[in-house]
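Everything numeric here is computed off the predicted structure, so don't read it as measured data. These numbers come from the heavy atoms of this one structure, side chains and all, not from hydrogens, waters or symmetry mates. Below, read A as the first sequence line, B as the second, and so on, with proteins coming before strands; counting in each chain starts at 1.
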Amino acid sequence: MIKITLPDGSVREYEPGVTSHEIALSISEGLARNVLSARVNGEVWDSNRPIQEDATVQLLTWNDDDGKSTFWHSSAHVLAEALEALYPGVKFGIGPPIDNGFYYDIDLGDQEFGEDDLEQVEKKMLELARGKSQFVRKDIGKAEAVDYYNGKGDEYKLELLEGLEDGQITFYEQGNFTDLCRGPHIPHTGFIKAIKLMNVAGAYWRGDEKRKQLTRIYGVSFPKQKELTEYLELLEEAKKRDHRKLGKELELFTFSEKVGMGLPLWLPKGTILRERLENFMRRAQIKAGYDPVVTPHIGSKALYVTSGHYEKYGEDSFKPINTPHEGEEFLLKPMNCPHHCEIYKSKPRSYKDLPIRYAEFGTVYRYEQSGELHGLTRVRGFTQDDAHIFCRPEQVKEEFIKVINLVLYTFKALGFDNYTAQVSLRDPENKSKYIGDDALWEKAERQIQEAADECGLITVTEVGEAAFYGPKLDFMVKDALGRSWQLGTIQVDYTLPERFQLEYIGSDNQRHRPVMIHRAPFGSMERFVAVLIEHCAGNFPLWLAPEQIAVLPISEKYHDYAQQVLTTLSEQDIRGFLDNRDEKIGRKIRDAEVQKVPYMLIVGEKEESEEKVAVRKHGQGDQGSLALTEFVEKFRAEIVL
RNA sequence: GCCGAGAUAGCUCAGGGGUAGAGCGCUUCCUUGGUAAGGAAGAGGUCGGGGGUUCAAAUCCCCUUCUUGGCUCCA
């Protein structure tokens, strides 16, 4: 007998060769019906794979992320089976599960494939699912595997096989389809009850744009029809939060074909929102010892040759601007740091001056590929809440920690709690992508991790995500549709001070090189506002709302009093407007609600005679009447910042 | 940049080889109303731009611009 330890710590005894499915069956039949796979000694296995020795076993169902992954991975195989049935000769790349479903990359040769073709594939998949074909795992020798794919002429699978060692290769077979696959899989296709193929996209083989582009089909599947329906409804709801939609509805920003793609135009209401955020950051930065600076939008090409930006990005950047007669070359600034370095150099610095912290809401311009532009989150011209800290080497960690705290303070003030802190390191396989020497990189990488640890930040590490001049600590946030965006960023940089020959005189009267920290808590105003809009679904905190109050007179007779109310509030820096349209009160309320105005002040005969306002709160309805001064107090109390 | 989808009134969208449509918004008039849409009338479009097929193109074909779902990229 072997001992099986379950997650609750209980130990049960079984014959060697018992499967997780049988273990489930010994607990309850209902559980057995729902088991998709099992974590055996930490590794996810097929539920019908025999266990020969003592093991800890966690049965995985739809409620476990790993269970879902198994389910979607198997769904990808069913997709492949359907495609092979409908498009003979199709070749397969990879078909993994992802966060919300699965995809398969395929090569259809000359055949065209569009979104209209999805329905047919979906139907075929459901038909195959109903067939309840078992997923059969097979160990297979490398030579045999190579023979199999040579026979099919599938160069992609052959390439994958090249990277695998003989003796560790497995095939999975279900119905008429066999796939090179590590597994695990669900017991049979019948578990899959609902399928939706979402879209078709191009995807480069092995993520390399120089290689062939395959057709990627994205899909999602569920054990119950109802879950699919709910998922699709959730997607619809998420679309309502999309900052591009809300940005238009709430008149925050717009784009114009004439101005140019990726160049946002901030409308008056969006500008108020943005300026509130900027002022918030200005205040926080002044408290934290930053000195504001201002630099121009262009800089001599030589500046970026020095910084290394020209060499790194010059080729696929906006082209230089030339002066008409002299032919001098200037670049639209893609970064503020070179300018700030030159400010640092404007006079000799003593160790007593450091750290020096230069802050600027600097607008930068970067060429982004047309297909990559996206609302306010990916644009060609944007404003960073940028700052560069020049400090002594021994001050790096302390300064870095201060910046982390500034970022965390900012996120907290805005209710962002679902961020991921990501340590972005250099790709050691591909050092030519970066500038600066190894020892300095290693030092910087170590300092970032230490600072994050000391702040108690839980971090994930991404290799190859560093900036070309240094490692980063990035704060990532997801948008309404689950896409991840980088907001705040903090970067330690030993390279630019070197390239710009920055110096300070130490207590030893010798010249020393300062260290730079690049940082932007918001990242860019554009992207931050986009994520903020989606985060609060357009219901901004009171201090940020472009329009904080709407004064709504019951009828024309109260326009004068309403105007008086508005004027009084404006004098107290409360932003609002008077709706003096010839409409009924219900209509005015509805329109103010739709525009997500936090407070509506309704004034009629009663209010005028008592010098009060009837307060209505967005989304919550009537709050009763208050004297104007009482309302202002209540209003102020709500603004904690 | 690449693969897929799309562009019709200010907005959201229907239509589809032969007088250009709806709802909302806008203008004017009526209505002076108490907590999520009062009524009527009217204005508004070279159907993204260019070329082709056709007696006839918003509709079919090609090119182009922009938007969009992905991929690659992201200082």
Side-chain angles (χ1 to χ4, degrees), chain A residues 103 105 108 112-118 198-218 242 244-245 248-249 251 255-258 260-262 304 307-314 316-317 333-338 364-375 377-380 384 386 433-435 465-470 472 481 483 485-486 489 491 493 496 518 527 552-559 582-594 600-607 614-625:
Chain A
Y103 67 78
D105 283 348
L108 283 159
E112 288 196 6
F113 192 89
E115 250 142 61
D116 299 340
D117 303 306
L118 291 178
M198 306 300 288
N199 50 45
V200 183
Y204 301 106
W205 171 234
R206 302 217 129 175
D208 183 346
E209 66 178 321
K210 289 179 192 73
R211 307 198 62 180
K212 183 159 183 174
Q213 188 162 52
L214 306 181
T215 303
R216 176 170 297 178
I217 300 175
Y218 283 93
D242 191 315
R244 292 167 298 184
K245 181 177 156 67
K248 193 180 273 185
E249 285 170 4
E251 297 181 12
F255 287 89
S256 149
E257 207 169 307
K258 264 218 177 83
M261 58 162 101
Y304 303 102
S307 72
H309 289 99
Y310 188 79
E311 192 195 342
K312 176 79 181 167
Y313 296 102
D316 21 53
S317 208
K333 78 171 165 188
M335 282 293 277
N336 304 299
C337 33
V364 297
Y365 300 88
R366 298 178 182 176
Y367 167 76
E368 304 283 2
Q369 298 186 90
S370 59
E372 196 51 56
L373 299 173
H374 181 92
T377 50
R378 190 80 185 263
V379 287
R380 285 179 168 174
Q384 297 175 309
D386 209 0
K433 277 166 65 182
Y434 311 93
I435 58 176
E465 293 292 309
F468 75 96
Y469 50 74
K472 311 188 282 176
L481 295 170
R483 291 173 291 217
W485 298 97
Q486 175 200 311
T489 180
Q491 310 166 7
D493 183 1
L496 282 190
H518 307 241
R527 183 175 289 177
L552 312 179
I554 296 283
S555 84
E556 210 176 331
K557 285 185 251 171
Y558 314 107
H559 281 187
D582 183 10
E583 293 290 351
K584 291 206 206 175
I585 194 65
R587 178 51 179 275
K588 295 181 186 180
I589 287 170
R590 182 190 146 78
D591 289 346
E593 289 278 355
V594 168
M600 285 149 273
L601 303 180
I602 294 144
V603 295
E605 189 180 354
K606 236 172 38 198
E607 288 73 21
V615 179
R616 183 188 164 100
K617 196 166 184 178
H618 171 72
Q620 293 179 27
D622 196 355
Q623 308 282 298
S625 286

Problem set entry | Passing option when A/Tyr313 is tested against A/Phe468, A/Tyr304, A/Tyr367 for ring-ring contact (aromatic ring centres under 6.0 Å, His included) | A/Phe468
Seminar exercise, completed: Any strand, both distances under 3.5 Å, Watson-Crick or G-U wobble: B/G42 pairs with B/C26
For this session: Could you check whether A/Gly586 gets within reach of a base, just the sugar-phosphate, or nothing at all, counting any heavy atom under 4.0 Å?
Result: sugar-phosphate
For this session: Determine the contact category for A/Thr215: base if any of its heavy atoms lies under 4.0 Å from a base atom, sugar-phosphate if only primed atoms, P, OP1 or OP2 are that close, otherwise nothing.
Result: nothing
For this session: Report yes if a donor N or O on one partner sits less than 3.5 Å from an acceptor N or O on the other, where the partners are the side chain of A/Arg380 and the base of B/C74; otherwise report no.
Result: no
Exercise. Should A/Glu465 and A/Lys472 count as an ion pair when the cut-off is N to O under 4.0 Å?
Worked result: no
Problem set entry | A/Asn199, nearest nucleotide to its side chain (from B/U67, B/G1, B/G69) | B/G69
Exercise. Under a 4.5 Å cut-off applied to non-hydrogen side-chain atoms, are A/Asn336 and A/His518 in contact?
Worked result: no
Problem set entry | Whichever of A/Val594 and A/Lys433 has its nearest RNA chain B nucleotide further upstream toward 5' | A/Val594
Exercise. Across the strands shown, which category fits A/Phe113 at heavy-atom distances under 4.0 angstrom: base, sugar-phosphate, nothing?
Worked result: sugar-phosphate
For this session: Using the aromatic ring of A/Tyr218 (for Trp, its six-membered ring), decide whether it stacks on the base of B/G69 within the limits of 5.5 Å and 30°.
Result: no
For this session: May I have the step-by-step check of salt bridge (Lys or Arg N to Asp or Glu O under 4.0 Å) for A/Arg244 and A/Asp242, ending in yes or no?
Result: CA-CA 5 Å; A/Arg244 292 167 298 184; A/Asp242 191 315; 2.6 Å; yes
For this session: Could you state the atom-to-atom distance from CZ of A/Phe255 to P of B/G10 in whole Å?
Result: 20 Å
Exercise. Can you find a donor-acceptor pair, distance only, under 3.5 Å between A/Tyr558 side chain and B/G34 base?
Worked result: no
Seminar exercise, completed: Between CG of A/Leu552 and P of B/A36 the distance, given in whole Å, is 12 Å
Problem set entry | Donor-acceptor pair, side chain of A/Arg527 and main chain of A/Thr377, under 3.5 angstrom | yes
Exercise. Which whole number of Å gives the distance between the P atom of B/U8 and that of B/C47?
Worked result: 11 Å
Seminar exercise, completed: Heavy-atom nearest nucleotide on RNA chain B taken for A/His618 and for A/Gln369; more 5' hit belongs to A/His618
Exercise. In whole angstrom, what separates A/Tyr313's OH from B/A75's P?
Worked result: 4 Å
For this session: Could you state the atom-to-atom distance from CZ of A/Arg616 to C1' of B/A36 in whole Å?
Result: 6 Å
Seminar exercise, completed: Closest of B/A37, B/A75, B/G70 to the A/Met335 side chain is B/A75
For this session: Would you mind classifying the nucleic acid contact of A/Ala203 as base, sugar-phosphate or nothing, using non-hydrogen atoms under 4.0 angstrom?
Result: sugar-phosphate
Exercise. If you look at every strand shown and take non-hydrogen atoms under 4.0 Å, does A/Glu607 touch a base, only sugar-phosphate, or nothing?
Worked result: base
Problem set entry | Spacing between A/His309 atom NE2 and B/C73 atom P, to the nearest angstrom | 19 Å
Problem set entry | Donor on one side chain, acceptor on other, A/Tyr204 and A/Arg206, under 3.5 Å | no
Exercise. Heavy atoms under 4.0 Å, any strand shown: does A/Lys606 hit a base, just sugar-phosphate, or nothing?
Worked result: base
For this session: Using only heavy-atom distances, decide whether a donor-acceptor pair under 3.5 angstrom links the side-chain of A/Arg378 to the base of B/C74.
Result: yes
Exercise. How is A/Arg206 classified with respect to the nucleic acid when contacts are heavy atoms under 4.0 Å: base, sugar-phosphate, or nothing?
Worked result: nothing
Exercise. Across the strands shown, which category fits A/Gly207 at heavy-atom distances under 4.0 angstrom: base, sugar-phosphate, nothing?
Worked result: sugar-phosphate
For this session: Under 4.0 Å between any heavy atoms, over every strand shown, what does A/His374 touch: base, sugar-phosphate, or nothing? Just pick one.
Result: sugar-phosphate
Seminar exercise, completed: With the side chain defined as heavy atoms from C-beta on, A/Ser555 is closest, among B/G33, B/A5, B/A36, to B/G33
For this session: Looking only at non-hydrogen atoms, find the nearest pair between A/Glu607 and A/Val603 and report the distance.
Result: OE1-C, 3.9 Å
Seminar exercise, completed: Closest of B/G69, B/U35, B/C2 to the A/Asp622 side chain is B/U35
Problem set entry | Glycosidic class, syn or anti, of B/U65 using a 90° window around 0 | anti
For this session: Give a yes or no on whether a salt bridge exists between A/Asp622 and A/Arg616, defined as a side-chain N under 4.0 angstrom from a carboxylate O.
Result: no
Seminar exercise, completed: In whole angstroms, the gap separating C1' of B/C73 from CD of A/Gln213 amounts to 14 Å
For this session: Name the closest nucleotide to the A/Met261 side chain, picking from B/U67, B/G69, B/C71.
Result: B/U67
For this session: Report which part of the nucleic acid A/Glu583 touches: base, sugar-phosphate, or nothing (heavy-atom distance under 4.0 Å, all strands).
Result: base
Seminar exercise, completed: Whole-Å distance, A/Gln620 CD to B/A36 P, equals 14 Å
For this session: Give none if B/G18 has no partner; otherwise give the nucleotide forming a Watson-Crick or G-U wobble pair with it, both distances under 3.5 Å.
Result: B/C55
Problem set entry | Rounded distance in Å - CD (A/Glu368) to C1' (B/U67) | 17 Å
Exercise. Across the strands shown, which category fits A/Ala592 at heavy-atom distances under 4.0 angstrom: base, sugar-phosphate, nothing?
Worked result: nothing
Exercise. How far, in whole Å, is B/G6 from B/A43 if one measures between their P atoms?
Worked result: 34 Å
Exercise. Which of the following nucleotides, B/G69, B/A75, B/A36, is nearest to the side chain of A/Tyr469?
Worked result: B/A75
For this session: Determine the contact category for A/Glu605: base if any of its heavy atoms lies under 4.0 Å from a base atom, sugar-phosphate if only primed atoms, P, OP1 or OP2 are that close, otherwise nothing.
Result: base
Seminar exercise, completed: Any strand, both distances under 3.5 Å, Watson-Crick or G-U wobble: B/A5 pairs with B/U67
Exercise. How is A/Ile585 classified with respect to the nucleic acid when contacts are heavy atoms under 4.0 Å: base, sugar-phosphate, or nothing?
Worked result: sugar-phosphate
Exercise. A/Arg483 has a side chain; which of B/G70, B/G33, B/G4 sits nearest to it?
Worked result: B/G70
